[in-house]
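All residue numbers refer to positions in the sequence shown, counting from 1. The structure displayed is predicted, hence computed values, not measured ones.
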Amino acid sequence: MAKPPVLENIVRQHAEMAAFLWNIYDWHLLNPDENPDMDVERLVRLIERLEAHLDGLRVAGDVGKRIAEERYREFPEAGELFVVRMLTTSTTVKISDLDLAKVRNYIQSILGSNNTT
């Protein structure tokens with residue numbers, strides 16, 4: 001049975017939304033008092049949406065990785081780097097299981113080294 005075609009425009013949307021949602025999530029955790037509307041229920045929904053977009057990229061396989069990498073090359077920002085990194089792990093890690101300090105250090109080490117060129 002042939003694999004269904006990968007719709008690259010949809011996969012690109014998954015990459016863009018995952019990067020965007022990561023930025024919102026991380027910003028909220030660093031600044032919890034800045035958005036009083038972000039209650040526990042909304043935060044849980046945000047995480048679910050982020051994980052769903054990452055899953056969409058994973059389902060797309062190599063195409064998902066390629067598109068995420070393209071987005072990062074075009075926009076070398078924290079959210080795009082986060083998405084690329086999440087797609088390069090051999091196991092699927094839930095957002096709630098991430099060590100956020102390590103994630104932030106990784107992102108800063110890469111983005112910081114890119115800014116010195």
Side-chain angles (χ1 to χ4, degrees):
M1 183 172 177
K3 285 184 169 183
V6 174
L7 304 174
E8 291 197 17
N9 286 336
I10 301 299
V11 175
R12 186 170 293 103
Q13 289 175 16
H14 283 307
E16 291 169 356
M17 284 303 300
F20 175 71
L21 293 171
W22 165 257
N23 286 328
I24 291 173
Y25 175 70
D26 191 46
W27 186 85
H28 172 71
L29 294 180
L30 291 170
N31 305 283
D33 298 329
E34 295 294 318
N35 184 0
D37 292 332
M38 184 64 78
D39 58 14
V40 173
E41 181 180 343
R42 286 184 176 95
L43 188 60
V44 167
R45 288 195 330 232
L46 185 144
I47 293 168
E48 289 172 349
R49 288 177 58 205
L50 173 54
E51 288 180 340
H53 286 294
L54 290 171
D55 286 345
L57 290 162
R58 289 183 186 108
V59 167
D62 290 337
V63 174
K65 286 181 185 178
R66 177 181 54 79
I67 288 173
E69 290 167 354
E70 288 171 1
R71 302 310 307 149
Y72 175 63
R73 279 193 299 277
E74 190 169 346
F75 302 101
E77 311 250 349
E80 287 74 14
L81 179 57
F82 171 79
V83 171
V84 168
R85 180 67 181 108
M86 290 298 285
L87 297 178
T88 59
T89 61
S90 59
T91 59
T92 301
V93 179
K94 293 212 162 275
I95 300 300
S96 59
D97 293 337
L98 291 173
D99 181 332
L100 294 176
K102 286 183 180 179
V103 172
R104 290 180 187 124
N105 285 339
Y106 171 79
I107 289 171
Q108 185 56 44
S109 71
I110 300 297
L111 293 181
S113 67
N114 287 346
N115 290 336
T116 61
T117 56

Check step by step if salt bridge (charged side-chain N to carboxylate O under 4.0 Å, His left out) holds for E69 and K65. CA-CA 6 Å; E69 290 167 354; K65 286 181 185 178; over 6 Å; no
Carefully, step by step, assess V103 and F82 under the rule side chain to side chain contact (heavy atoms under 4.5 Å, CB included). CA-CA 8 Å; V103 172; F82 171 79; 4.0 Å; yes
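Between L87 and A68, the shortest heavy-atom contact is CD1-CB, 3.6 Å. A78 and I107 make their closest contact through CB-CG2, 3.7 Å (heavy atoms, listed as atom of the first residue, atom of the second, distance). Heavy atoms only, all atoms of each residue included: E80 and Y72 are closest at CB-CA, 3.8 Å. The minimum heavy-atom distance between E51 and I95, with the atom names listed, is OE2-N, 2.7 Å. The two residues V83 and A19 come nearest to each other via the heavy atoms CG2-N, 3.5 Å. The shortest non-hydrogen separation linking V11 to G64 is CG1-CA, 3.7 Å.
A ring-ring contact (aromatic ring centres under 6.0 Å, His included) check over residues 36-55, counting only residues at least two apart or in different chains, returns the pairs H14-H53. Residue pairs meeting the salt bridge (charged side-chain N to carboxylate O under 4.0 Å, His left out) criterion with at least one member in residues 15-33, sequence neighbours excluded: E16-R71, D26-R104.
Not a single side-chain hydrogen bond (donor to acceptor under 3.5 Å, both in side chains) links D37 to another residue, sequence neighbours left out. Here S90 pairs with nothing under the side-chain hydrogen bond (donor to acceptor under 3.5 Å, both in side chains) rule; sequence neighbours left out. Evaluation of the side chain to side chain contact (heavy atoms under 4.5 Å, CB included) rule for E8 yields R12, V63, R66, I67 as partners, not counting sequence neighbours. Applying the side chain to side chain contact (heavy atoms under 4.5 Å, CB included) criterion to D99, with sequence neighbours excluded, gives A101, K102. For Y25, the ring-ring contact (aromatic ring centres under 6.0 Å, His included) criterion is met by W22, not counting sequence neighbours. With sequence neighbours excluded, no residue forms a side chain to side chain contact (heavy atoms under 4.5 Å, CB included) with V59. Taking the side-chain hydrogen bond (donor to acceptor under 3.5 Å, both in side chains) definition, one finds that N23 meets it with nothing, sequence neighbours left out. Remark: D97 pairs with V93, K94 by the side chain to side chain contact (heavy atoms under 4.5 Å, CB included) rule, at least two apart or across chains.
Other residues sharing a hydrophobic cluster with L30 under the 4.5 Å side-chain heavy-atom criterion for ILVMFWY residues do not exist; the residue is a singleton. Hydrophobic cluster of I10: the remaining members, joined at side-chain heavy-atom separations below 4.5 Å, are L7, listed by chain and number.
Inter-residue side-chain proximity for L46 and M38 is flagged as met; some heavy-atom pair is nearer than 4.5 Å. Contact check for L98 versus M86: side-chain heavy atoms found under the 4.5 Å cut-off. Using a 4.5 Å cut-off on side-chain heavy atoms (C-beta onward), I24 and N35 make no contact.
L100 and L81 fall within the same hydrophobic cluster, defined by Ile, Leu, Val, Met, Phe, Trp and Tyr side-chain heavy atoms under 4.5 Å apart, directly or through other members. Under the 4.5 Å side-chain heavy-atom criterion for ILVMFWY residues, no single connected hydrophobic cluster contains both L50 and W27.
For the atom pair OG1 of T92 and CZ of R58, the computed distance is 4.5 Å after rounding to the nearest 0.5 Å.
Counting non-hydrogen atoms of neighbouring residues, nucleotides and ligands closer than 6.0 angstrom, the CG atom of D62 reaches no more than 12 such neighbours.
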